[in-house]
Student: 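The following block contains the structure, expressed as structure tokens.
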Amino acid sequence: MNSTNSKYNFDNFSIKKKKNRKIEELEKREEYTTYQEDLAFAKELNLLRNDFYYQMVESEQVFLIDFMYKPLDILSGDAYSARKIDNDRAFYLIVDGMGKGLSASLGAMLITSYVNHIIDTCIFDLYELVDKTIKYIKPILLEEETVSVDFILINHKTEQLHYSKFSMPRSLMQTNSGEIIKIKSNNPPISKYIDNFILSELDISNITKFLFHSDGMVENSTRFGNQLYAEYVENDFLTSFTKDDLRAKFLWKIDEQEDDITFIFLNKLDLNSATIATKKFSSTLEDIESASGWYGDIWATLTEDAELQGMAAIVFSELFMNAFEHGNLSIDSANKHKLLEDGIYFDTLEELSKGCPRKISVNISRVEHQKNSYILTSVRDEGDGFDTEILSKIFRNSKTFNGRGVFVSRRSSLGIYYNSKGDKVLYLHKL
């Protein structure tokens with residue numbers, strides 16, 4: 001081989017080596033960037049606090065509480081918090097940072113983190129909370145930067161809503177008669193120059209549904225010419241019984257998501273006057289079979305749809321069994337797995353159920369909404385309850401074995417909701 005060819009081969013090899021090294025460096029950078037983005041998003045989720053994850057609030061009526069949080073980017077300009085203040089009061093926060101990207105995300109997350117810190121460490125007072133938050137964020141904001149915020153407090157006992165809205169979209173409420181009431185912002189956006197604010201209150205005794213949301217929802221363009229979703233949100237809210245109803249209508253009308261989207265959907269129900277069947281069962285294997293038969297017979301009178309009957313039966317079986325084994329018999333997941341591995345699970349259930357005085361109460365209600373009928377079933381045990389915070393892990397990881405019954409129940413219904421103690425679960429189906 002002559003020297004020219006050798007030099008050519010060496011140069012070619014050197015070029016390929018440099019190219020491969022460059023590709024490796026780029027791959028490492030991309031991998032590192034992805035890693036950092038994953039960490040940033042995990043941090044965002046940790047900053048958001050939701051004390052009502054798959055929960056309901058029980059007062060004179062039942063409040064079903066649902067959320068949709070759909071960031072457009074990893075670093076979201078939207079943030080929210082939902083906090084249980086006490087047995088009577090719930091606080092909701094929605095923050096919408098100006099613009100997109102890191103700056104908007106930092107503003108939203110700083111406010112959310114600070115608000116959660118105040119709630120965790122101080123005696124709650126809405127006026128003080130808003131005042132302290134404004135004083136905290138003002139020095140941090142840039143000269144032309146603003147932040148839009150909803151501070152919402154609902155007192156379920158006195159049926160009062162207290163709010164301070166800073167340049168946020170109108171919140172929507174539906175009355176018992178089907179009228180839509182709009183809550184306008186009572187303050188300008190928060191900026192370096194804001195000096196005071198207004199706190200307002202409203203009687204909500206005649207309200208059945210609530211919608212609080214960021215502007216990413218109503219300012220999204222739709223498939224209908226130049227119209228924004230703001231043209232449709234009122235009617236879609238009016239005709240939606242659940243968050244999933246509203247979410248489906250929204251996603252169908254838009255071509256693509258254009259901004260971060262956050263909304264909180266509350267449904268207040270008077271189930272006492274809507275009850276169609278109720279019964280108590282003993283904590284025995286025999287009554288598990290008896291309960292399934294009773295429940296199936298009732299559903300046979302409600303609909304001829306065999307598939308719907310089957311889905312309702314699946315949910316009932318899973319949640320009734322949870323009430324029996326985890327609630328009344330106090331068998332935790334780890335112990336259950338060991339009993340199954342040892343082949344003595346059902347023998348243990350039979351032994352523990354002997355003389356167990358605890359009952360399982362089942363209540364079935366029928367609610368009419370916009371010419372549709374919804375069946376709501378509640379199952380309550382007499383056990384110690386459980387920490388419903390673990391539900392967030394179950395629903396974020398469907399492959400987790402623990403809680404598979406709850407996951408299957410959610411997939412086979414329009415929603416499941418636990419009370420704060422964790423000894424009662426409610427789920428619903430649409431006829």
Side-chain angles (χ1 to χ4, degrees), residues 41 48 50 53-54 64-74 76-80 82 92 94 96 100 148 150 168-175 178-183 208-269 303 305 307-308 311-312 315 367-376 395-396 398 407-417 427-431:
F41 189 62
L48 306 179
N50 189 345
Y53 196 87
Y54 283 93
L64 306 184
I65 308 173
D66 280 299
F67 307 83
M68 178 177 172
Y69 179 62
K70 192 173 173 60
L72 184 63
D73 302 308
I74 294 295
S76 172
D78 274 18
Y80 81 92
Y92 302 99
I94 299 179
D96 188 357
K100 296 184 175 74
S148 299
D150 264 351
M168 286 290 278
R170 297 175 178 179
S171 300
L172 302 180
M173 303 189 303
Q174 180 184 329
T175 67
E179 178 188 358
I180 296 294
I181 295 176
K182 305 169 190 176
I183 309 176
T208 62
K209 287 191 307 189
F210 305 78
L211 178 66
F212 311 111
H213 59 89
S214 63
D215 63 9
M217 182 182 191
V218 291
E219 292 182 0
N220 211 108
S221 60
T222 67
R223 61 174 68 192
F224 309 110
N226 297 321
Q227 292 180 314
L228 301 178
Y229 187 68
E231 300 290 328
Y232 303 95
V233 65
E234 288 183 33
N235 187 66
D236 283 357
F237 171 64
L238 181 67
T239 56
S240 296
F241 187 69
T242 66
K243 177 264 292 184
D244 286 345
D245 283 344
L246 181 60
R247 178 180 181 274
K249 290 168 184 171
F250 167 69
L251 293 179
W252 183 84
K253 286 185 173 70
I254 67 172
D255 287 318
E256 61 179 354
Q257 182 180 342
E258 298 168 349
D259 197 358
D260 305 311
I261 295 169
T262 304
F263 74 74
I264 300 173
F265 187 101
L266 310 181
N267 198 344
K268 184 174 72 172
L269 303 170
T303 178
D305 187 333
E307 182 179 1
L308 183 56
M311 291 175 66
V315 181
V367 175
E368 307 297 328
H369 181 268
Q370 293 289 315
K371 299 181 180 179
N372 294 311
S373 295
Y374 294 83
I375 303 301
L376 295 90
F395 288 110
R396 287 175 186 167
S398 61
F407 180 80
V408 169
S409 299
R410 175 63 184 90
R411 292 290 298 270
S412 300
S413 68
L414 294 180
I416 64 173
Y417 306 85
Y427 61 91
L428 61 155
H429 291 91
K430 180 180 178 182
L431 290 180

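Just so it is clear, the model here is predicted, and its values are computed rather than measured.
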Student: Give, for atom OG1 of Thr242 and atom CZ of Arg247, the distance between the pair rounded to the nearest 0.5 Å.
Tutor: 11.0 Å

Student: Do Asp259 and Glu219 come within less than 4.5 Å of each other through their side chains, counting heavy atoms only?
Tutor: no

Student: Are any of the side-chain heavy atoms of Glu231 and Thr222 separated by less than 4.5 Å?
Tutor: no

Student: Look only at the side chain of Arg223 and the backbone of Trp252, and say whether a donor-acceptor pair between them is shorter than 3.5 Å.
Tutor: yes

Student: Is Asn372 reaching over with its side chain to a backbone N or O of Leu431, donor-acceptor style, under 3.5 angstrom?
Tutor: no

Student: Hey, what do you get for CD1 (Ile65) to CD1 (Ile264), rounding to the nearest 0.5 Å?
Tutor: 9.5 Å

Student: Ignoring hydrogens and angles, tell me if any N or O in the side chain of Asp260 forms a donor-acceptor pair with the backbone of Gly216 under 3.5 Å.
Tutor: no

Student: Main chain of Met168, side chain of Ser148: is a donor-acceptor contact present, judged purely on distance under 3.5 Å?
Tutor: no

Student: When rounded to the nearest 0.5 angstrom, what distance separates OH in Tyr53 from CG in Asp66?
Tutor: 10.5 Å

Student: When rounded to the nearest 0.5 angstrom, what is the spacing between OG1 in Thr208 and CG in Asn267?
Tutor: 6.5 Å

Student: Nearest 0.5 Å please: distance from the OG1 atom of Thr175 over to the CD1 atom of Ile180.
Tutor: 7.5 Å

Student: Are there more than 12 heavy atoms of other residues, nucleotides or ligands under 6.0 Å from atom NZ of Lys249?
Tutor: yes

Student: Check whether the side chains of Ser214 and Asp96 place a donor and an acceptor atom closer than 3.5 Å, and report yes or no.
Tutor: no

Student: Are side-chain N/O atoms of Asn50 and Tyr69 paired as donor and acceptor at under 3.5 Å?
Tutor: no

Student: Verify, without hydrogens or angle tests, whether Ser413 (side chain) and Gly415 (backbone) share a donor-acceptor contact under 3.5 angstrom.
Tutor: yes

Student: Can you say whether the rings of Phe237 and Phe265 are parallel (under 30°), tilted (30 to 60°) or perpendicular (over 60°)?
Tutor: perpendicular

Student: Any chance you could measure Asp215, atom CG, to Thr262, atom OG1, to the nearest 0.5 Å?
Tutor: 10.0 Å

Student: Is the number of heavy atoms from other residues, nucleotides or ligands under 6.0 Å of Asp255 CG greater than 12?
Tutor: yes

Student: Identify which one of Lys182, Arg170, Lys209 satisfies the salt bridge (charged side-chain N to carboxylate O under 4.0 Å, His left out) criterion when paired with Glu234.
Tutor: Lys182

Student: Taking the side chain as every heavy atom from C-beta outward, state whether Leu376 and Val367 have any atom pair closer than 4.5 Å.
Tutor: yes

Student: Could you check whether atom CD of Glu307 has more than 12 heavy atoms from other residues, nucleotides or ligands sitting under 6.0 Å from it?
Tutor: no

Student: Of all the heavy-atom pairs spanning Tyr54 and Ile416, show the shortest one and how long it is.
Tutor: CD2-O, 3.3 Å

Student: If I compare all heavy atoms of His213 with all of Pro169, which pair ends up nearest, and what's the gap?
Tutor: CE1-CB, 3.4 Å

Student: Taking the side chain as everything from C-beta on, heavy atoms only, tell me whether Phe241 gets closer than 4.5 Å to Leu269.
Tutor: yes

Student: Mind checking whether Met217 and Leu246 have side chains closer than 4.5 Å, heavy atoms only?
Tutor: yes

Student: Using distance alone, with no hydrogens and no angle criterion, decide if Tyr80 and Asp150 have a side-chain donor and acceptor under 3.5 Å apart.
Tutor: no

Student: Below 4.5 Å, heavy atoms only, C-beta onward: do Phe250 and Phe263 meet side chain to side chain?
Tutor: no

Student: Take Asp236 and Lys253 through the salt bridge (Lys or Arg N to Asp or Glu O under 4.0 Å) test and state the conclusion after the steps.
Tutor: CA-CA 10 Å; Asp236 283 357; Lys253 286 185 173 70; 3.1 Å; yes

Student: Closer than 3.5 angstrom, by distance alone: can the side chain of Glu258 be matched with the main-chain N or O of Ser221 as a donor-acceptor pair?
Tutor: yes

Student: Nearest heavy-atom pair of Ala312 and His429: which atoms, and what distance?
Tutor: CA-CE1, 3.6 Å

